[in-house]
Amino acid sequence: MTRTRPFTVCNITVMKNSVIEFSGPRRVAPGHRRVSAGVLAAVAGVCLGVGAGVVPAAAVPAVGSAPAVAALSKAAVPKGLESFYGQKVEWYDCVATGGMEKSAEKTGFQCAKVKVPLDYSKPDGQTIEIAMKKHLATGSTRQGTLFVNPGGPGYSGVEMVENNETEFSPTLNQAYDIIGFDPRGVGSSTPITCGDGAGQQPANAAQGRMGVNDSQPGSLAADVAGDDPTPFRDAENPAADGGAEANVGFPTLIEEITKDFKQEEANCAAHTKPAGLLDHVDTVSVARDLDVLRALSGDQKLNFLGFSYGTYLGATYAELFPANTGRLVLDGAVDPSLSLGDRASGQAQGFETALRTYVQQCQSGQAVQEGQSCPLTGDADAGVQQVRTLISSADQTPLKTSDPNVTVDGSTIRSVVRRFLYTSEYWSFLTYALDQAITQKDGSYIQVLYGKVTAGGSAPTFYAVNCLDIPVQGDMTSWEKEYQQILQSSPTFGASLGNQDARCQAWGHNGTRKPAPIHAKGAAPILVVGTTGDPATPYAWSQALADQLESGRLLTWEGNGHTAYGRAGACVQKAVDTYLISGTVPKEGLTCKNGQ
């Protein structure tokens, strides 16, 4: 059932739709994809050690079901890695929120760090640490371990699991020990560190989130495939240093990008220890870390729930370790066969389509609160153009704010608009901000939202991972052609999302593995969840991944915004939970309607 509960912020009454299908505490999703409590506050002013725990014998799975949670056959240990797979894990009671700090009290959370090779081709070489945080199963019968990843790349799984009641349904919390881990390069694991703090997540950062009964603007922090978490400002809009963006030639644009990315890389390289970490934060290495964590949890099969970039991690794991793959749910999928340019192009078009949908809902009164009016007049084309005009106008003459020392330019407005397209249920906040900006020439509310939706991510970590995962392609000639194409297909967002190959070339830590479909031959059924109006990971990407995977099954949500679980309602939640609990995949072609 659904329950609608109003709350009032800045004289705006917001209706919260909370899916309460199961008994138990209400959840508020964290983020890979949603705006955390910080946004709402601002709006008001986004062991188990090896063998520990007993996994009950599972019933024989039904036809079409994933295998039992813990298979009887023991998973193989890769040669040369025996010491890592056999290490003792020292779990300790830790604080419920705020990271890995020890707690003298039982909080329901335990933390640990384990060692993995920096370079898996040199297992006797340097090691790094991976931080895990586990929420203990609350039910009387523990079913096993569920690993989770919020996306990014660069977001914290440790922080995600702290929001267990809002990220995951009561059913999952009862059945599973849920483990969030910080991937290599992130947070409490051996991190990428930059002298200006760019590689670190601020304490209590407002991450974009996803999950059951998400009560906050979802996924407003940036996410996968070209949407910088905290963009290097000049790299997103080099014209910010002077002159209109339209007057900056393409070679000058690439020079600015190159300068900024080389400077940031040098900064991070000088502060990151060990020095080789920047060359070893690729997703294949993270997937190999994940198999070590699986083994140390005592489970023979990996059960995993990943969002956005986390879908790429999950699919990569299944490709590397199909025999170890248990029940995988991949929500908001990335198509692994795409190049950097193709990812950026697909995402830019996705955001452009989502903007048009937002404008239509604003003009029809769906994206406004009682007492509000939509500032976008005329038809949808006219409304979209008014948003673009606001952005270009603010680039020429920044908007004033309530702080006389702060103004809002077009890049700031574009970032806020793009982030709010992640979560349709909070489009009324965007309407309020645009109304103030357009009718009063006041950017105060835009600035409040900007400060929150850009917190929590790390642009260096984002690029460190993506640039290793996908090789640079093309040259200045092909890049300029692609740039003109992305500007044409996405006039609003193309400039800020384009030139990914140039960014990675300047970053300098580049991979050589060409993008290719992932089949994961021999893996258990893998549930892929796609949202038809997803701007950040377009629905076509989920269709593509489900089709590529030998055992893929697509679950569709007809809705808007980024990812579905926790946002879509009881239909999606039931399908996902049923699969993770019983191993029964949804029927072929299941489509959940918005509001179901």
Side-chain angles (χ1 to χ4, degrees), residues 153 222-229 231-240 244-262 264-265 309 312 334-356 388 391-392 410-411 414-415 418 421 459 462-517 534-541 544:
D223 195 18
V224 79
D227 195 7
D228 307 358
F232 309 148
R233 186 51 176 260
D234 293 345
E236 180 176 352
N237 181 11
E245 185 169 1
N247 295 329
V248 175
F250 188 74
T252 302
L253 182 70
I254 298 303
E255 288 176 7
E256 281 283 350
I257 289 173
T258 300
K259 178 190 71 175
D260 291 328
F261 273 70
K262 283 184 176 294
E264 192 64 32
E265 186 281 334
Y309 162 78
Y312 183 56
V334 176
D335 181 352
S337 70
L338 299 180
S339 66
L340 288 167
D342 289 338
R343 282 192 181 189
S345 176
Q347 197 175 46
Q349 292 177 45
F351 279 108
E352 204 70 41
T353 299
L355 174 61
R356 185 177 183 85
R388 294 174 186 161
I391 292 170
S392 59
S411 291
R414 182 189 297 111
S415 292
R418 190 173 71 206
L421 293 178
F462 176 90
Y463 281 101
V465 176
N466 278 350
C467 296
L468 286 174
D469 281 348
I470 308 173
V472 173
Q473 297 181 17
D475 53 23
M476 283 285 286
T477 301
S478 62
W479 294 347
E480 183 169 12
K481 181 179 179 181
E482 286 182 0
Y483 187 62
Q484 294 304 321
Q485 290 173 340
I486 202 171
L487 290 180
Q488 183 175 359
S489 64
S490 179
T492 315
F493 306 106
S496 62
L497 293 173
N499 296 313
Q500 295 297 313
D501 286 292
R503 301 184 196 201
C504 280
Q505 179 166 286
W507 178 253
H509 300 268
N510 304 118
T512 58
R513 294 176 66 253
K514 293 185 178 181
D534 192 324
T537 50
Y539 179 63
W541 293 3

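All values below come from the heavy atoms of this structure, side chains included, with hydrogens, waters and symmetry mates left out.
Taking the centre and axis of the six-membered ring of Phe462, the NZ or CZ atom of Arg503 falls outside the cone set by 45° and 6.0 Å.
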**Prompt:** Please walk me through it: do Asp342 and Ser345 pass side-chain hydrogen bond (donor to acceptor under 3.5 Å, both in side chains)?
**Reply:** CA-CA 5 Å; Asp342 289 338; Ser345 176; over 6 Å; no
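Minimum interatomic distance between Arg343 and Asn466 (heavy atoms only, all atoms of both residues): NH1-OD1, 3.9 Å. Taking all atoms of both residues into account, the shortest heavy-atom contact from Pro471 to Asp501 is O-OD1, 3.9 Å. The nearest pair of heavy atoms linking Ala502 to Ile254 is CB-CD1, 3.8 Å. Considering all non-hydrogen atoms of both residues, Trp479 and Gly474 come closest at NE1-C, 3.6 Å. Contact between Pro535 and Ala354 at its shortest, heavy atoms only, is CB-CB, 3.8 Å. Across all non-hydrogen atoms, the minimal contact from Trp541 to Ala536 is CZ3-O, 3.7 Å.
Residues Pro515 and Ile470 have side chains in contact (heavy-atom distance under 4.5 Å, counting atoms from C-beta outward).
One distance of note links CG of Leu487 with OG1 of Thr492; it measures 10.5 Å at 0.5 Å rounding. Between the CD atom of Gln505 and the CG atom of Leu340 there is a distance of 11.5 Å, given to the nearest 0.5 Å.
Looking at Thr353, its side chain does come within 3.5 Å of a backbone N or O of Gln349 through a donor-acceptor pair. The backbone N or O of Gly341 lies less than 3.5 Å from no partner atom in the side chain of Gln500, so there is not a single donor-acceptor pair.
Taking the six-membered ring where the residue is Trp, Phe250 and Tyr483 present tilted rings, their angle falling between 30° and 60°.
With salt bridges taken as basic N to acidic carboxylate O contacts below 4.0 Å, none links Glu265 and Lys262.
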